[in-house]
Amino acid sequence: MREQIMISELTTMRIGGPARYVVEIEQVEDLCWAYEFAEEQGLPVWVMGEGANTIGHDRGFNGVIILNKLRGIEIVAEDEKTMTLRGMAGENWDRFVEFTTVRGLSGIETLSKIPGTLGAAPVQNIGAYGRDASQVLESVEVFDTKTREITIIPKSKMNLSYRSSRFNKGEDVGRFVIVSVTMKLSKGQTLSAPFYASLQRYIDEHNVTDFSPQNIRQMVSTIRADKLPDPQFVASSGSFFKNIYLNKNEADEAEQKGIPLWRNEDGSGKINSGWLIEQCGLKGKQLFGFRVSEKAALVLINESATSYIELDKARTEIRQKVLEKFGYELQQEPVEVSE
Ligand code: EPU
């Protein structure tokens with residue numbers, strides 16, 4: 001147990017004041033202990049993995065931050081076509097992806113190089129290049145802080161949608177600590193053209209015909225390395241804003257306004273918020289110690305900011321400009337540590 005640790009040191013965006021207590025959990029049994037400790041002290045608990053999608057406030061957190069360090073990956077089932085893996089929540093996500101692709105397993109290869117832990121994958125239903133975690137998730141094992149028991153939640157009870165689940169939205173937020181994640185992968189190559197636009201562009205430019213999990217991982221890693229900052233060297237939380245999902249009527253309206261959008265077969269659609277930000281002339285702009293990435297306008301890079309106040313000013317300016325020009329309210333992607 002450590003005391004008075006700056007949240008800026010625990011998160012990739014590198015802002016946020018002191019947390020009263022920080023405890024690293026390496027065994028499931030320690031979770032119960034940590035919650036009992038917090039209860040005795042009358043303090044709230046916040047669970048974090050690698051802090052890749054978490055923002056701290058300047059006031060810090062008067063409570064106990066649990067760092068999930070539960071490790072291990074095992075094969076729990078296998079048949080001719082599939083392999084089911086269970087990984088502990090504190091495993092590094094990309095290590096888990098690599099574990100699958102080196103075995104020729106398909107399902108999460110396009111999610112290569114996403115920062116953070118395996119346990120965070122279901123929380124915000126991580127996604128990239130047209131795929132997301134919901135397509136392979138089977139279940140999660142959780143510590144239920146209400147009952148102090150370990151239970152299993154199947155995918156059907158997770159309310160998964162774009163960057164969202166019952167773990168980050170609704171009345172259950174903060175109730176469950178994810179202990180392990182079970183995913184079912186397919187043996188061999190399952191993905192085929194056409195791929196998500198930016199991946200397809202790369203495939204066309206390089207005349208790629210090998211769509212094996214290993215090769216897709218390789219391509220995605222190259223594309224990401226070129227566009228997205230590596231949080232180890234550059235402070236950011238990846239995409240700071242979400243893309244905008246529209247029903248058919250809203251999509252028709254957007255089209256009439258001349259906004260480019262991706263349509264689904266049922267007429268619903270998606271607007272790239274990065275495009276909206278770029279059209280407002282903000283791409284590459286410096287704002288209060290932050291910079292809107294020159295390569296991906298959804299990404300906010302912390303160049304020199306040391307406070308949440310600066311972040312608030314930067315995001316307000318971006319949101320206001322997009323609202324004034326296009327009439328859309330951008331939603332923030334990372335979560336904020338709160339009591
Ligand atoms: N675009 C622009 N300008 C920009 C950025 C994007 O016009 O500055 C337009 C382009 O038309 C481009 C399209 O948006 O073709 C899509 O851009 P990109 O492939 O870079 O993806 P994104 O929509 O900006 C999303 C995810 C990323 C994920 C990529 C790739 C969200 C919030 N972000 O970004 O996820 O890696 O797709 O699949 O959905 C993250 O969540 O932290 C993250 C990095």
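The basis for the numbers below is simple: all heavy atoms, side chains too, and nothing from hydrogens, waters or symmetry mates. Start at 1 and go down the list; that is how both ligands and their atoms are numbered.
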Item checked: Criterion side chain to side chain donor-acceptor pair (under 3.5 Å) on Glu138 and Thr182, from CA distance to verdict -> CA-CA 5 Å; Glu138 285 279 292; Thr182 300; over 6 Å; no
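The side-chain hydrogen bond (donor to acceptor under 3.5 Å, both in side chains) analysis of residues 46-55, with sequence neighbours excluded, yields the pairs Glu50-Asn92, Asn53-Gln124.
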Using atom types as modelled, flag every donor-acceptor pair under 3.5 Å from a side chain in residues 60-82 to any protein atom, sequence neighbours excluded.
residue, atom, partner, partner atom, Å
Asn62, OD1, Arg20, NH1, 2.8
Asn68, OD1, Leu70, N, 3.1
Asn68, OD1, Gly90, N, 3.4
Asn68, ND2, Ile178, O, 3.1
Arg71, NE, Gly90, O, 3.2
Glu74, OE2, Arg86, NH1, 2.8
Glu78, OE2, Lys187, NZ, 2.8
Asp79, OD1, Lys81, N, 2.9
Asp79, OD1, Thr82, N, 2.7
Asp79, OD1, Thr82, OG1, 2.9
Asp79, OD2, Thr82, OG1, 3.3

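Grouping Ile, Leu, Val, Met, Phe, Trp and Tyr residues whose side-chain heavy atoms lie under 4.5 Å apart, directly or via other members, places Ile223 in a hydrophobic cluster with Tyr129, Leu191, Phe195, Tyr196, Leu199, Tyr202, Ile203, Val208, Phe211, Ile216, Met219, Val220.
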For ligand 1, run through the N/O pairs with the protein that fall under 3.5 Å and put one pair on each line.
residue, atom, partner, partner atom, Å
ligand 1, 3 (N), Glu278, OE1, 2.5
ligand 1, 7 (O), Glu278, OE1, 3.4
ligand 1, 8 (O), Glu278, OE1, 3.4
ligand 1, 8 (O), Lys283, NZ, 2.9
ligand 1, 8 (O), Ala297, N, 2.9
ligand 1, 14 (O), Asn272, OD1, 3.4
ligand 1, 14 (O), Asn272, ND2, 3.3
ligand 1, 19 (O), Tyr196, OH, 3.3
ligand 1, 19 (O), Ser198, OG, 3.4
ligand 1, 20 (O), Lys227, NZ, 3.2
ligand 1, 21 (O), Tyr196, OH, 3.4
ligand 1, 23 (O), Asn243, ND2, 2.9
ligand 1, 23 (O), Asn272, ND2, 2.8
ligand 1, 33 (N), Arg163, NH2, 3.3
ligand 1, 33 (N), Ser239, OG, 3.0
ligand 1, 35 (O), Arg163, NH2, 3.0
ligand 1, 36 (O), Arg224, NH1, 3.1
ligand 1, 38 (O), Tyr129, N, 2.5
ligand 1, 39 (O), Tyr162, OH, 2.7
ligand 1, 39 (O), Arg163, NH2, 3.1
ligand 1, 39 (O), Asn243, ND2, 3.4
ligand 1, 41 (O), Arg163, NE, 3.3
ligand 1, 41 (O), Arg163, NH2, 2.8
ligand 1, 41 (O), Glu333, OE1, 3.4
ligand 1, 42 (O), Ser239, N, 2.8

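Comment: Glu9 does not engage Arg2 in a salt bridge, judged by the lack of any side-chain N to carboxylate O separation of less than 4.0 angstrom.
A distance of 6.0 Å separates CZ of Phe99 from CG of Leu85, quoted to the nearest 0.5 Å.
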